[in-house]
Amino acid sequence: VNPRVGLGYRPFSSLLLRSSYATGFKAPVLDSMYAKGGGGFLSAKDESLCREKGGTFCSEPRSFFSENPGNPDLKEEESTSFTVGAVFEPTSWLNMSLDYYDIKVKNEVGTFDLDEVLKMEADGRSAELESNGIIIERAINEQGDLAVESIVNPWLNLGQKRTRGLDLTVETMNKFDNQFVGYSLSASKPLNFNEKLFQGSEDKDVLGEWSQGSGYHPVYRMNNSLTYGISNNSLSLSARTVGPHRKRENIGEIKSYSE
């Protein structure tokens, strides 16, 4: 059972105050629990050899076997979400809303990004990896390098995440004769994005950064759309703006851009 509660109140006709609280869970799929070591050959940067020898070890990913065994001890993913906000409609052609959100997810099921695994090894965090069943095997190759031969990367409950922020929407539509002009704006401004990669590991705010657990996190996102129409025909122009962030941890900051 996933309970959800929502409340709404109109102090006057043009203003709606609203709030909601919900919980959720997702059971692990059978393959993630009982798979017998499926996997294949993948590529990633060998961070230890990159730091030791540089050159192509930094610029060219290395291929090795990655095994993803199931984990029968997986727990179900759990989440909670809370929102509170307001919708304001002062006229028939203008609608605005502003909402605050607080979302928590724990025990998310997944496997670790291999680039992150090898970076953690290079940072001296092998014991942390091994305590979670992630094993890196190295062997001397034909060139005499102690290179990665295989990685056991099991399915895990990947710690927890929590994000809080604000969502804004503005919509307007003006009609005259058989023509209309509309504009819409939707913007999201996270206030934080905290996560723990492993159960019991450090809680880190990754807003604006790259994260192994959840990818990249722009400091804001915004969508704009302008529409013009005559009778049953319309033309729309849209623009998406993404705030500063890092695409990967080892890549410099990407400035805000629109497309």
Just wondering, do [Y] and [X] contact through their side chains at under 4.5 Å, heavy atoms?
| X | Y | result |
| --- | --- | --- |
| M173 | E171 | no |
| V181 | F176 | yes |
| V148 | R62 | no |
| P154 | I134 | yes |
| E121 | L118 | yes |
| Y228 | Q179 | yes |
| N194 | L207 | no |

Any donor-acceptor N/O pair, [X] side chain to [Y] backbone, under 3.5 Å:
| X | Y | answer |
| --- | --- | --- |
| N192 | R164 | yes |
| T172 | L94 | no |
| E47 | D115 | no |
| D46 | F57 | no |

Count I, L, V, M, F, W, Y as connected when their side-chain heavy atoms are under 4.5 Å apart, and connections chain through other members. Are [X] and [Y] then in the same cluster?
| X | Y | value |
| --- | --- | --- |
| V84 | Y21 | yes |
| V105 | V29 | no |
| F12 | L7 | no |
| M120 | I135 | no |

Carboxylate-amine/guanidinium proximity below 4.0 Å for [X] and [Y]:
| X | Y | result |
| --- | --- | --- |
| E78 | K106 | yes |
| R138 | D145 | no |
| R162 | D203 | no |

As a quick check of understanding, evaluate side chain to side chain contact (heavy atoms under 4.5 Å, CB included) for F64 and E149, giving each step before the final call. CA-CA 5 Å; F64 49 82; E149 187 173 55; 6.0 Å; no
Kindly compute the distance separating [atom1] ([X]) from [atom2] ([Y]), expressed to the nearest 0.5 Å.
| X | Y | atom1 | atom2 | value |
| --- | --- | --- | --- | --- |
| M33 | D31 | CE | CG | 11.5 Å |
| S186 | N224 | OG | CG | 7.5 Å |
| F193 | I103 | CZ | CD1 | 9.0 Å |
| N107 | L156 | CG | CG | 11.0 Å |
| T163 | L191 | OG1 | CG | 8.0 Å |
| I151 | I136 | CD1 | CD1 | 5.0 Å |

- Task: Step by step, work out the side chain to side chain contact (heavy atoms under 4.5 Å, CB included) result for D123 and R51.
- Result: CA-CA 10 Å; D123 289 340; R51 296 181 187 183; 2.8 Å; yes
Margin query: Walk me through whether F112 and L158 qualify under side chain to side chain contact (heavy atoms under 4.5 Å, CB included).
Written below: CA-CA 8 Å; F112 252 55; L158 298 176; 3.2 Å; yes
Cut-off 3.5 Å, no hydrogens considered: what does the side-chain donor-acceptor table look like for residues 234-241, sequence neighbours left out?
unit_1, atom_1, unit_2, atom_2, d
S236, OG, T227, OG1, 2.9
R240, NE, E259, OE2, 2.9
R240, NH2, E259, OE2, 2.0
T241, OG1, S258, OG, 2.7

Under 3.5 Å, which donor-acceptor pairs link side chains of residues 65-75 to any protein atom two or more places apart or in another chain?
unit_1, atom_1, unit_2, atom_2, d
N68, ND2, N153, O, 2.9
N71, OD1, D73, N, 3.0
N71, ND2, W155, O, 3.1

Might you work through the side chain to side chain contact (heavy atoms under 4.5 Å, CB included) test for L185 and N223, ending with a clear yes or no? CA-CA 6 Å; L185 163 71; N223 293 293; over 6 Å; no
